[in-house]
Amino acid sequence: MWIVPEAVIGGLMTPEASFEAVEAVFAAMATGRAYNFPVIREAIGHADALYGFKSGFDRDSLALGLKSGGYWPGNMARGLTNHQSTVVLFDADTGRVSALVGGNLLTALRTAAASAVSIKHLARSDARVLGMIGAGHQSVFQMRAAVAQRGFEKVIGWNYHPEMLSRLADCAAELGLPFEAVDLDRLGAEADVIISITSSFDPILMEAQVTPGTHLACMGTDTKGKQEVEAMLLARASVFTDEVAQAVSIGEAQHAVAAGLIGAEDITQIGAVINGTHAGRRNADEITLFDGTGVGLQDLAVAARAVDLARERGVAIEVDF
Ligand code: NAD
């Protein structure tokens with residue numbers, strides 16, 4: 001088996017490689033060739049930790065395995081990242097373990113790749129202003145992946161904790177784009193594409209604040225109870241997702257579904273747009289909303305790519321197991 005430690009992932013995986021891996025697996029999910037297994041997530045009653053597994057199988061790429069890990073709130077005080085994850089890949093022909101891969105950076109890259117895939121396939125081609133809601137760890141990965149998809153000329157941002165907005169300003173500067181901190185009315189009025197990536201449990205952006213033609217990628221809501229946008233916005237928008245079962249249970253769509261505003265049948269898998277079986281955006285005034293819940297197959301896809309790159313570059317460690 002191969003070991004690809006967390007420390008080498010940064011030198012191997014690019015946003016582009018992550019994008020390709022995630023776009024391909026979303027397409028495979030829409031044909032039924034790739035599927036996720038039920039997610040396990042438990043409060044383990046120790047160290048306040050949440051721990052679980054996300055797993056699946058892609059019959060096209062033969063990626064089989066799981067991402068295991070979770071959230072340890074006390075880690076920061078120990079100089080460690082609170083979110084911890086590791087990917088284990090198996091040989092689909094034999095069941096033997098094939099690789100152990102650090103999953104922390106990969107999680108940020110695959111999450112950013114998902115919203116970037118949605119921007120590629122759903123945003124207006126003339127999108128120029130990127131709006132960011134959220135300025136935490138994931139936000140800069142989101143921004144870097146998004147700007148590759150359209151000719152963005154400006155980034156505007158809002159965050160619940162305004163003191164964190166310098167992170168977005170620094171990232172925009174690194175990308176050569178002007179940044180402006182704005183209120184939510186301006187963000188909704190001016191942004192052509194909006195990415196939300198927060199840990200909010202209440203709607204931040206309201207339906208009335210969003211203008212026709214906007215594409216939204218709601219990426220923060222990955223748990224029951226979390227919410228980033230007003231449920232009415234999902235009734236007004238054309239809603240897309242990575243996986244419908246997750247969208248209605250733990251994604252942004254959970255609230256609109258619970259309120260009876262939309263049903264599961266109103267939500268389209270993004271893979272159908274990638275495969276061309278769904279047209280995606282129909283006109284320049286349509287509001288499109290991608291509910292990115294985060295699926296195990298994304299983790300397996302980027303981990304498999306990281307193993308290939310690590311082997312090519314001689315940095316994968318081979319272990320007789
Ligand atoms: P982080 O802790 O670094 O940042 C949290 C962000 O949420 C900050 O912008 C913070 O200001 C904001 N926030 C905190 N409390 C808030 C509140 N009450 N109202 C509004 N905003 C609030 O987290 P991160 O690593 O950047 O992750 C952000 C979110 O993305 C988390 O909820 C995480 O679970 C989720 N996530 C989703 C996926 C996916 O695949 N969909 C993958 C990874 C992370």
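Ligands are counted one by one from 1 in listed order, and the atoms in each one are counted from 1 as well.
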Counting only heavy atoms, tell me which of [options] gets closest to [atom].
atom: atom 25 (O) of ligand 1; options: M132, Q246, E252, Q138; value: Q138
atom: atom 5 (C) of ligand 1; options: S199, A112, P203; value: S199
atom: atom 37 (C) of ligand 1; options: M219, M164, R167; value: M219

**Message:** Testing E286, H215, H278 one by one against S238 for a side-chain hydrogen bond (donor to acceptor under 3.5 Å, both in side chains), which residue passes?
**Reply:** E286
**Request:** Give me the one residue out of T241, T221, T293 that meets side-chain hydrogen bond (donor to acceptor under 3.5 Å, both in side chains) with E252.
**Result:** T221
**Request:** Look at atom 2 (O) of ligand 1 and say whether a protein heavy atom is found at less than 4.0 angstrom from it.
**Result:** no
When you measure from [atom] to every protein heavy atom, which one gives the shortest distance, and what is it?
atom: atom 36 (N) of ligand 1; answer: D222 OD2, 3.4 Å
atom: atom 23 (O) of ligand 1; answer: H137 N, 4.4 Å
atom: atom 30 (O) of ligand 1; answer: I197 CD1, 3.3 Å
atom: atom 16 (C) of ligand 1; answer: Y160 CD2, 3.6 Å
atom: atom 11 (O) of ligand 1; answer: H161 ND1, 2.7 Å
atom: atom 4 (O) of ligand 1; answer: G136 CA, 3.3 Å
atom: atom 29 (C) of ligand 1; answer: T198 O, 3.3 Å
atom: atom 40 (O) of ligand 1; answer: R110 NH1, 2.8 Å

Going by the order shown, which atoms of ligand 1 are within less than 4.0 Å of some heavy atom of [X]?
X: N159; answer: 8 (C), 9 (O), 10 (C), 11 (O)
X: G134; answer: 9 (O)
X: A135; answer: 9 (O)

Keeping [X] on the side-chain end and [Y] on the backbone end, is there a donor-acceptor pair under 3.5 Å?
X: E228; Y: I195; answer: no
X: R150; Y: I119; answer: yes
X: Q138; Y: A112; answer: no
X: Q209; Y: G188; answer: no
X: Q227; Y: V229; answer: yes
X: N159; Y: M164; answer: no
X: Q298; Y: V295; answer: yes

**Prompt:** Backbone, side chain, both or neither: what part of T111 comes under 4.0 angstrom of ligand 1, heavy atoms only?
**Reply:** side chain
**Asked** Side chain, backbone, both or neither: which part of I204 comes within less than 4.0 Å of ligand 1 when only heavy atoms are counted?
**Response** side chain
**Message:** Looking at ligand 1, would K226 count as a contact under a 4.0 Å heavy-atom criterion?
**Reply:** yes
**Prompt:** Between T107 and K67, does any side-chain donor sit less than 3.5 Å from a side-chain acceptor?
**Reply:** yes
**Request:** State, without any angle test, whether D91 and S98 hold a side-chain donor-acceptor pair at a distance under 3.5 Å.
**Result:** no
